[in-house]
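Comments concern the structure below.
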Amino acid sequence: MKSKLKLSLIADNNIRRTTFKKRKGGITKKLHDLTTLCDVKACAVIYSPYENPAVWPSTEGVQEVVSKFMEMPVTEQSKLMVNHETFLQGRITKETKKLERLRLENRESQLTQFMFDCVKGKMSEYQYDARDLHDLSSHIDQYINQLNARIELFTENGESSSSYPPPLAVADLPVVTDQAASIRESQLTQFMFDCVGGKMSEHQYDARDLLDLSSHIDHYINKLNSKIKLLTKNGECSSFPPPLHTSVAGAAPLAVAARMPWKEAKYEKPLKLQLGIAISKLGSKEEESSPSSWENEKKKPRFVRPTQSSPSSNSGESNSSNLYVANCGPAVGLSHDAIAAVFAAFGEVSGVYAADESGVRVIVSFADPCSAKSALEALNGRPCPDLKGRSLHIRYSVLQLPSEMQVNDCVPVSLVDSELNIPGLFLLPDFVSVEEEQQLLAAVDTRPWIGLAKRRVQHYGYEFCYVTRNVDTKKRLGELPSFVSPILERISLFPNLDNDPSCLNLDQLTVNEYPSGVGLSPHIDTHSAFEDCIFSLSLAGPCIMEFRRYSVSTWKASSADAEKSGDSSCIKKALYLPPRSMLLLSGEARYAWNHYIPHHKIDKVKDKVIRRSSRRVSFTIRKVRNHPCKCKYPQYCDSQQQM
Ligand SMILES: O=C(O)CCC(=O)C(=O)O
Ligand SMILES: [Fe+2]
């Protein structure tokens with residue numbers, strides 16, 4: 001076998017001379033081949049101690065090539081030129097990249113192994129630290145995403161394999177024995193792993209198998225998640241064997257600590273939607289804490305602020321597990337999850353609900369009165385560093401009587417934008433025709449939906465992240481799809497547009513599908529995420545959109561009656577959005593007013609009762625912002641609050 005040449009100076013004179021001759025011949029032969037086969041110009045000039053400079057093909061030939069070269073601009077001349085050093089540097093960069101890739105692959109397989117071993121209860125065999133746990137968490141996310149995409153693809157194609165091997169479902173046993181259940185468990189685990197490994201087609205399965213697989217994945221993730229949560233909570237790090245992590249650049253961001261327990265999904269979802277939820281449940285807190293769902297209202301006990309005469313308002317004496325907390329809430333940028341996290345330091349928090357619609361008063365429900373008492377004593381009247389330094393005003397809450405529950409729940413609904421008198425808000429009815437509406441719905445219905453807790457979405461241009469309520473401007477998904485082009489054209493002719501035309505280079509589309517009774521929590525679209533004009537096209541069904549302007553106020557004991565009579569710190573207006581209408585939020589309407597879709601199945605519009613249809617699909621079209629927002633409403637502006 002030919003041994004590999006060692007590239008260094010040949011010490012022996014004679015051998016060096018012989019090698020020179022041989023290799024010089026080799027080079028000129030190669031040049032000859034190259035120029036003949038490819039009709040290109042080339043030359044060689046070789047200086048050596050053994051002869052006069054050797055030239056190829058001839059002195060004139062060399063001169064011709066050199067003058068051609070000298071005629072080129074200097075920048076072009078040096079473009080492809082390498083010397084020994086740059087050549088070697090290039091090699092080193094290539095090899096370093098290769099090494100990095102191998103390290104990543106290695107890390108991936110370690111994490112996969114680690115993940116499977118966690119479920120098998122072998123986590124103690126590993127030594128790992130906080131970074132390993134973070135990486136594991138992202139790895140699980142990625143893994144489930146892959147599983148999901150695969151299952152979605154299969155279900156979308158209506159595919160159910162037909163031939164061998166035997167179906168997964170164990171016969172419809174009237175009594176499920178422990179043994180049968182455990183066989184089924186291992187079959188599903190195998191099926192799940194095979195899906196990721198691209199071996200789904202080796203299984204025969206039906207709709208029930210897919211459903212079982214979906215719950216199995218949920219169960220599996222829950223198990224993994226609680227294990228991770230437990231370990232991170234205990235700050236546990238085992239000792240042997242060597243730590244998992246290799247030094248990989250760009251370690252995945254922390255995800256474990258931010259995870260919240262999952263909630264029961266409410267509406268019947270097809271399998272792929274359930275799987276989508278499995279993912280969103282892991283990372284997203286989207287909308288889950290919405291207080292306004294009528295269904296929720298019916299189920300959870302409703303607590304309110306105590307009146308002066310409430311016996312439970314004598315702080316320190318009460319036996320209540322529920323606290324009425326003023327001066328914090330979504331209207332001042334504090335999510336219910338953030339509030340729950342602070343109160344959880346005093347005991348198990350069973351829920352955080354809006355106390356009213358002001359956005360600055362919440363009810364924190366503890367599992368027991370002792371925890372509520374400790375929290376009240378520790379937090380009342382003091383600035384809370386974890387809640388933006390706000391001073392909380394806390395009382396025990398009282399249970400509200402059912403008859404009081406719907407007070408002030410009705411905001412008169414307008415049919416035309418001008419009635420609302422909100423600057424920058426415009427509604428154009430019949431923006432698209434019935435045929436166009438059908439075409440747009442057909443277009444989105446052939447594309448994959450992402451399942452959120454209560455509704456489904458599609459993102460185009462840029463993905464909208466429900467955790468940060470922002471977009472990643474570096475991750476462009478592509479152009480907006482061609483089916484929205486006619487809408488974009490028509491938008492440019494929209495009356496009432498006096499904005500900078502660059503705001504109209506709309507490049508982000510979120511399609512929302514709301515089932516009947518599902519709405520959207522009050523929010524202002526993040527200022528730093530999108531430019532001034534936000535368009536929303538309603539399709540398939542109508543809805544009511546409520547607009548709220550909060551003026552932040554704090555809890556004052558004597559203002560209870562004023563609040564009850566509707567003189568709250570929030571102005572509310574409502575507009576009926578018929579199907580095929582286009583809404584524009586700009587200026588004050590976009591920057592200073594929260595918009596909200598109540599979670600109602602039935603809406604009262606003027607004197608009529610309007611039932612929401614089985615679905616409403618909206619196209620929200622926006623322009624992603626690439627620089628900080630400089631609006632005139634700094635109190636609502638995340639760009640200006642960071643400064
Ligand atoms: O469905 C709509 O019309 C509004 C959607 C919306 O407000 C949003 O996506 O931010
Ligand atoms: Fe919005």
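Ligands are counted one by one from 1 in listed order, and the atoms in each one are counted from 1 as well.
- The Fe ion (ligand 2) has His523 NE2, Asp525 OD1, His595 NE2 as protein N, O or S atoms under 2.8 Å away.
- Taking only nitrogen or oxygen atoms, main chain and side chain alike, Arg469 does not reach within less than 3.5 Å of ligand 1.
- Look at Arg615 and Asp445 and you find a salt bridge, because one of the NZ, NE, NH1 or NH2 atoms lies within 4.0 Å of a carboxylate O, short of that distance.
- The protein heavy atom nearest to atom 8 (C) of ligand 1 is His523 NE2, 3.8 Å.
- Listed by number with element, the atoms of ligand 1 under 4.0 Å from a non-hydrogen atom of Ser536 are 2 (C), 3 (O), 4 (C).
- Using a cutoff of 4.0 Å between basic side-chain nitrogens and carboxylate oxygens, Glu588 and Arg549 are scored as salt-bridged.
- In this structure Glu463 satisfies the side chain to side chain donor-acceptor pair (under 3.5 Å) test with no other residue, sequence neighbours excluded.
- Within the 4.5 Å cutoff, the side chain of Leu440 has heavy atoms near those of the Leu537 side chain.
- Considering only residues two or more places apart in sequence or on other chains, Arg490 meets the side chain to side chain donor-acceptor pair (under 3.5 Å) condition with Glu436.
- Ion pair Asp603/Arg612 flagged as a salt bridge, since at least one NZ, NE, NH1 or NH2 atom sits closer than 4.0 Å to an Asp/Glu carboxylate oxygen.
- Ring planes of Phe547 and His595: tilted class, angle from 30 to 60°.
- Interface atoms of ligand 1 facing Arg616, defined by a heavy-atom separation under 4.0 Å, are 1 (O), 2 (C), 3 (O).
- Close approach of ligand 1 to Ser618 is summarised as follows: ligand atoms under 4.0 Å from at least one heavy atom of the residue are 1 (O), 2 (C), 3 (O).
- Put simply, the side chain of Ser586 never gets that close to the backbone of Cys533: no donor and acceptor are under 3.5 Å apart.
- Remark: side-chain polar atoms of Lys573 are paired, donor with acceptor, to backbone N or O of Leu420 under 3.5 angstrom.
- In Arg622, the part holding a heavy atom less than 4.0 Å from any atom of ligand 1 is the side chain.
- Taking every non-hydrogen atom of Asp525 and a distance limit under 4.0 Å, the qualifying atoms of ligand 1 come out as 10 (O).
- Protein heavy atom in closest approach to atom 9 (O) of ligand 1: Asn512 ND2, 3.6 Å.
- Taking the side chain to side chain donor-acceptor pair (under 3.5 Å) definition, one finds that Glu419 meets it with Ser414, Lys606, sequence neighbours left out.
- Regarding atom 7 (O) of ligand 1, its nearest protein heavy-atom neighbour is His595 NE2, 2.9 Å.
- The option with the heavy atom closest to atom 4 (C) of ligand 1, from among Tyr514, Phe464, Phe535, Phe619, is Tyr514.
- Among all non-hydrogen protein atoms, the one lying nearest atom 6 (C) of ligand 1 is Leu520 CD2, 3.5 Å.
- The main-chain N or O of Arg469 is found under 3.5 Å from a side-chain atom of Thr526 such that the two form a donor-acceptor pair.
- A salt bridge is absent between Lys623 and Glu531; no separation between the charged side-chain nitrogens and carboxylate oxygens falls under 4.0 Å.
- The shortest N/O to N/O separation between Thr510 and ligand 1 does not fall below 3.5 Å.
- Residue Met545 approaches ligand 1 through these ligand atoms, each under 4.0 Å from one of its heavy atoms: 3 (O), 4 (C).
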